[in-house]
Asks: 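Structure below; questions to follow.
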Amino acid sequence: MTARTVALVQRYGLVVVLVAMLAVFSLVAPAFGTYGNALIVLQSVAVVGVVALGVTVSMTTGGFDLSAGACVGFVVMVTALTMVRFNLTGGTAIVAGLIAGLVVAGINVLLTVVAKVPDLVATLGTMFLFQGLALIVTSGQSVSAGMTIGGSPAPGRYTEGFVWLGGGTVGSVPVPVIVFAVLAAAVFVFLNHTRWGRALYAIGGNAEAARLAGIRVGRYRAMAYVISGLCASVGGILLSARLGRGDVGAGDPYLLQSVAAALIGFAVLGANRPNALGTVVGALFIGVMINGLTMLNAPYYTQTFVQGALLVGSLVVSYTGRRERKTT
C-alpha cells in the first residue's frame, strides 16, 4: 500500500469498521437497527464509557489506572450498604460512593506521586486492595433488601430516587446515557480546550520537559487520578442503581472493557493518544459488537476473544502510526 493509503487506514479505519458492523448487523438481524435497540446499546455502554473516560484522563499523563474496575465494585458495595444496612437516603449513598472513589484515588496518588511506585504496579496493588476490602466489609456476601444481618432482616432498601439513576429515563433516553454524554463532553472540553488538559498531555509526552517548562508534574498526575477515581465512582453509582443490589464482583468486567475502550480510542481519526472522542467511539464499538453477536446467538464465550482481537488490531494501527510519525 502507498503511504497515503496507510495514513487513510490509520485515520479512518476504525470508524469505517464501526459503520460496516452497523450495516451488517442491521441486515442480518433487522431488530438490531431499531431505535429501541440503539437505546439498549447506549445504555449497555454507558457505565463502561464513564469509567473509560476516567481511565483516559489517567493515561494522558503516561499513567494507567488498573484500579478502575475494583473502584466500581467497591462503590457498588458502599452504596448498597449505605441504603440497605444503615437505612440512609439515596442522596447519602451517592455522597458515600463519591467519597469511596476519592479514597481509591487517594491511595493511587500516595503510591504513584508520593512513593514514586510505577503506575501499573501501584494501581494493580490498589485493585487487589479494594477488591478485598469490598469482600471484607460485606463478609463476602451480596447486599440486598431483606438480607439477614445478625439474625434479623436489614432495615433499609434501595430508594426509588436512587434506582431511577440506573433505570429511569428523560423522555425516552435512559439516565445513564445522559450522564455518559455529559461527562464525555466535559472531558473532551477539559482535555482539548483548557490549560490543564494541555498540561496533562505535555506530561504524558515528556514529563521532564514539562517540569522544566514550569508544570507541576506531581499535582497534575494527582489530579488525573482523582478524575479517574471520580469517574469510576460515578460508574459504580450508576451500576448499583441499575442492579438494585450490591453484587460481589460487580465491577470486575469493567476493567477490561474500560481499558479496551480507551485504548481502541487511540486509533480513532488517527489521534494516537488518549482522547475523549476516541474513548466514546471505542465504548460504542464494544457495545455494538457485543449486542450484534448476542442477536446472532453467538456463544457468550467468544465475545471476550473478539474484544481482545479488536483491541490488538487497534493497538497495532495506533502504535505503528506513532512509530512511523517519529521516524519521519
Side-chain angles (χ1 to χ4, degrees), residues 45-61 63-80 82 90-114 119 122-123 126-127 129-131 133-134 162 165-166 175-192 194 196-197 199-200 203-204 218-242 250-251 254-255 257-259 261-262 265 274-276 279-280 283:
V45 303
V47 174
V48 172
V50 167
V51 179
L53 288 169
V55 173
T56 299
V57 175
S58 74
M59 291 169 62
T60 59
T61 64
F64 208 114
D65 190 359
L66 290 178
S67 66
C71 183
V72 171
F74 183 59
V75 169
V76 168
M77 302 309 283
V78 167
T79 54
T82 301
T92 305
I94 292 173
V95 173
L98 293 174
I99 292 174
L102 288 175
V103 170
V104 176
I107 298 298
N108 284 333
V109 170
L110 287 174
L111 291 174
T112 59
V113 178
V114 179
D119 296 74
T123 57
T126 305
M127 178 186 77
L129 177 66
F130 283 94
Q131 280 180 339
L133 185 58
F162 188 88
L165 293 175
V175 173
V177 175
I178 295 174
V179 173
F180 177 33
V182 171
L183 279 179
V187 172
F188 177 82
V189 171
F190 174 75
L191 291 179
N192 294 280
T194 69
W196 300 289
L200 292 176
I203 293 169
R219 291 189 180 184
Y220 277 96
R221 294 187 68 220
M223 179 177 67
Y225 277 110
V226 168
I227 293 174
S228 181
L230 285 174
C231 286
S233 64
V234 171
I237 290 167
L238 294 176
L239 179 60
S240 179
R242 181 197 301 176
Y254 289 91
L255 173 60
Q257 293 184 11
S258 62
V259 169
N275 67 98
T279 297
V280 171

Asks: Tell me every residue that passes ring-ring contact (aromatic ring centres under 6.0 Å, His included) with F188, counting only those two or more places apart in sequence or in another chain.
Replies: H193
Asks: Hey, could you give me the CG/CZ distance between L165 and R242, rounded to the nearest 0.5 Å?
Replies: 12.0 Å
Asks: With V179 as reference, evaluate V182, L183, V177 under the side chain to side chain contact (heavy atoms under 4.5 Å, CB included) test and give the passing residue.
Replies: L183
Asks: Could you go through L133 and L129, starting from their C-alpha distance and side-chain angles, then the distance that decides it, and tell me whether this counts as side-chain contact (heavy atoms from CB on, under 4.5 Å)?
Replies: CA-CA 6 Å; L133 185 58; L129 177 66; 5.7 Å; no
Asks: Evaluate the criterion side-chain contact (heavy atoms from CB on, under 4.5 Å) for residue pair L200 and M223; output intermediate values, then yes/no.
Replies: CA-CA 9 Å; L200 292 176; M223 179 177 67; 4.1 Å; yes
Asks: I'd like to know if the side chain of S233 and the backbone of L230 have a donor-acceptor N/O pair within less than 3.5 Å.
Replies: yes
Asks: So how far is it from L53 CG to N275 CG, rounded to the nearest 0.5 Å?
Replies: 10.0 Å
Asks: Decide yes or no on side-chain contact (heavy atoms from CB on, under 4.5 Å) for V51 and V72, but give the supporting numbers first.
Replies: CA-CA 8 Å; V51 179; V72 171; 3.6 Å; yes
Asks: Could you give me the CA-CA distance, side-chain angles and deciding distance for F180 and L238, then say whether side-chain contact (heavy atoms from CB on, under 4.5 Å) is met?
Replies: CA-CA 10 Å; F180 177 33; L238 294 176; over 6 Å; no
Asks: What side-chain donor-acceptor pairs closer than 3.5 Å can you find for residues 94-112, not counting sequence neighbours?
Replies:
| residue | atom | partner | partner atom | Å |
| --- | --- | --- | --- | --- |
| N108 | OD1 | T126 | OG1 | 2.8 |
| N108 | ND2 | S67 | OG | 2.9 |
| T112 | OG1 | N108 | O | 2.7 |

Asks: To check you understand the geometry: which heavy-atom pair defines the closest contact between A276 and T56, and what is its length?
Replies: N-CG2, 4.4 Å
Asks: Rounded to the nearest 0.5 Å, what's the gap from OG1 on T60 to CD1 on I227? Could you check?
Replies: 8.0 Å
Asks: If you take all heavy atoms of Q131 and A70, which pair is closest and at what distance?
Replies: CG-CB, 3.7 Å
Asks: My understanding is that only one of T123, D65, D119 makes a side chain to side chain donor-acceptor pair (under 3.5 Å) with Y225; could you say which?
Replies: D119
Asks: Kindly write out the residues that satisfy ring-ring contact (aromatic ring centres under 6.0 Å, His included) with F130, not counting sequence neighbours, or none if the list is empty.
Replies: F74
Asks: For V55 versus A68, what's the shortest heavy-atom pair and its separation?
Replies: CG2-CB, 3.8 Å
Asks: Show the nearest heavy-atom pair for residues A224 and S58, with the distance to one decimal.
Replies: CB-CA, 4.1 Å
Asks: Looking at V78, is its backbone amide N or carbonyl O close enough to the side chain of T82 to form a donor-acceptor pair, meaning the two atoms are under 3.5 Å apart?
Replies: yes
Asks: Which distance, rounded to the nearest 0.5 Å, do you find between the CE of M59 and the OG1 of T279?
Replies: 7.5 Å
Asks: Do S228 and V57 come within less than 4.5 Å of each other through their side chains, counting heavy atoms only?
Replies: no
Asks: Indicate the atoms forming the closest heavy-atom contact of A250 with V76, along with that distance.
Replies: CB-CG1, 4.3 Å
Asks: Please find the pair of heavy atoms, one from R221 and one from T61, that lie closest to each other, and give the distance.
Replies: CG-CB, 4.2 Å
